[in-house]
2 protein chains.
Amino acid sequence: MGAGEQRGRKPRADVQRNRAALLETAQRHFLQHGVGTSLEAVAKEAGVGPGTLYRHFPTREALLAAVLQTRSEELVARQADIDQLGDPAEALEQWLRAMEEYFSAFSGLPDPLMAAARAQEPDNPLTIPCDILISATDQYVRAAQRAGRVRASVRGHDLFLAACSIAWIKGNGTEEESLDRLRMLIASGYRQRDAQA
Amino acid sequence: MGAGEQRGRKPRADVQRNRAALLETAQRHFLQHGVGTSLEAVAKEAGVGPGTLYRHFPTREALLAAVLQTRSEELVARQADIDQLGDPAEALEQWLRAMEEYFSAFSGLPDPLMAAARAQEPDNPLTIPCDILISATDQYVRAAQRAGRVRASVRGHDLFLAACSIAWIKGNGTEEESLDRLRMLIASGYRQRDAQA
DNA sequence: CATCAAAACGGATGCTGCCTCCGCATGTAT
DNA sequence: ATACATGCGGAGGCAGCATCCGTTTTGATG
């Protein structure tokens, strides 16, 4: 039972076509109208019936998770760059910004993400990406802590929540200036105070 | 033109009755099902038709604002207690908690509040309460700054956003422990660092 | 108390979106 | 070419929103 599949039959050609069309269309609609966009409209524009959409993606979250897959890979790619940085504090900061942008991909995205982040929702397709992000954040936090740049009481989970909140606020139309101030505030909160006196 | 009204006619009795019934029922439904509750259901349970509901409260936000009025008064009452405190830093902290509880009154409340908080929505009935809260927060911030307990770069608006975010996270079912940590993080962010060395 | 007109009521209505179910067609193996 | 599994898609039931208009209620007036 390795990775190679094909148990019994070859998968039909139309299902792949439809799935691809749905994903492509859904991404466009999520971009334009946010995560609350009409699924019926997505199906129609993808040239399939509602039934087909729901068979491929039983819930809105499932569709969202599938669409997000692409973006997740971009995030991972970014991670490579970030890991090049010598300064772990700088790396953490950049990672937080990267996550924030990821959360801001579609308007309204932070809500389902937060809903999935609280564990005990094992069937929610968004839970896995969330958990990955949280533990990745924790890695950066720990590295920065080892370098004495971040307070010891901080957890990756905390900064995940913070990044998600900021994306949520941003999605509600707050001016970038206010966001910058809030980011500063949070940064002041997690940074280790230099014993400079 | 004082406060006494009665221009032309005496207001009809049924409108007051209906308005009161609607507010009472709406509050219950908001409590039980969140701000997204069915307005039709509210109307039905209040014993009026949908038309009557929409005449009294043209939008969901209008109804929400009216229901929130009561709670706002409780907040103001709390303010009196808080103002008694000698320590302006303690006062700020308590005020933030009070706001957070206010934002958590109904599940989903932070979203419409945030939407109203970005100005340039003068017709949104929630804008006024928001502005009041923001400037009240700013008062507490300034007092604490005068006492040298809060960093100079912080604005009331920032902490308003922070409190709203925390309420939003709370509403999404995150455990209280994570919230506490986040509150700590934010507090570390706005507090003036003591020149203690 | 009877009458009138303004004001408010409320439900029927049209609309949009969600999600399911099942007869039909499409594609794959023999 | 045939058979059969598999997937398709649209019709349809449901719920909620918001509006419009014929009817009722209510306060004012004599």
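Since the structure is predicted, the reported quantities are computational estimates derived from the model, not experimental observations. We name chains A, B, ... by the order of the sequence lines, and we start the count at 1 in each one.
- The nearest heavy atom of DNA chain D to A:V48 and to B:A13 marks one nucleotide each, and the one closer to the 5' end goes with A:V48.
- Note: CD (A:E45) to P (D:dG9) measures 15 Å, nearest angstrom.
- C:dG27 atom P lies 10 Å from atom CG of A:N18, rounded to whole Å.
- Counting all heavy atoms, side chain and backbone alike, A:T137 lies closest to A:L159 at CG2-CB, 4.1 Å.
- For B:Y54, the listed nucleotide lying nearest its side chain is D:dC17; candidates were D:dG9, C:dG10, D:dC17.
- A:R19 comes within 4.0 angstrom of nothing in the nucleic acid, heavy atoms only.
- Not one side-chain nitrogen or oxygen of A:R12 sits closer than 4.0 Å to the OP1 or OP2 atom of D:dA5.
- For the pair B:R9 CZ and C:dC4 P, the interatomic distance rounds to 15 Å; values are reported in whole Å.
- We find that CD of B:Q16 is positioned 13 Å from C1' of C:dA8, with the value rounded to whole Å.
- The listed nucleotides are C:dC19, C:dG27, D:dT26; the one nearest the side chain of A:P50 is C:dC19.
- No engagement by B:P58 is indicated, since no non-hydrogen atom pair under 4.0 Å with the nucleic acid exists.
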key: Intermediate values then yes/no, salt bridge (charged side-chain N to carboxylate O under 4.0 Å, His left out), A:R183 and A:D180   = CA-CA 5 Å; A:R183 281 190 271 255; A:D180 270 333; 3.3 Å; yes
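- For the pair A:K44 NZ and D:dG9 P, the interatomic distance rounds to 14 Å; values are reported in whole Å.
- Proximity of B:R17 to the phosphate of D:dT26: a side-chain N or O atom is located under 4.0 Å from OP1 or OP2.
- Remark on DNA chain D: of its neighbouring residues B:D14 and B:S38, the 5'-side contact belongs to B:S38, judged by nearest-heavy-atom nucleotide.
- A:T59 comes within contact range of no nucleotide atom at all, as no heavy-atom separation falls under 4.0 Å.
- Nucleic acid contact for B:T52: base, since at least one base atom lies under 4.0 Å from a heavy atom of the residue.
- Heavy-atom contacts from other residues, nucleotides or ligands closer than 6.0 Å to CD of A:E177 number 12 or fewer.
- Between the NZ atom of A:K10 and the P atom of C:dT30 there is a distance of 12 Å, rounded to whole Å.
- In this structure, B:E40 places its CD atom 11 Å from C1' of C:dT13, rounding to the nearest Å.
- Between B:F160 and B:F103, the ring-plane angle classifies as perpendicular under the 30° and 60° cut-offs.
- Across all strands shown, B:R55 has heavy atoms under 4.0 Å from base atoms, whether or not it also approaches the sugar-phosphate.
- Note: CZ (A:F57) to C1' (D:dC8) measures 15 Å, nearest angstrom.
- Residue B:H56 has a polar side-chain atom (N or O) positioned under 4.0 Å from OP1 or OP2 of C:dC9.
- A:Y190 and A:L179 end up in the same hydrophobic cluster when Ile, Leu, Val, Met, Phe, Trp and Tyr side chains are linked at under 4.5 Å.
- No engagement by B:A41 is indicated, since no non-hydrogen atom pair under 4.0 Å with the nucleic acid exists.
- A salt bridge does not link B:E101 with B:R97: none of the charged nitrogens is closer than 4.0 Å to a carboxylate oxygen.
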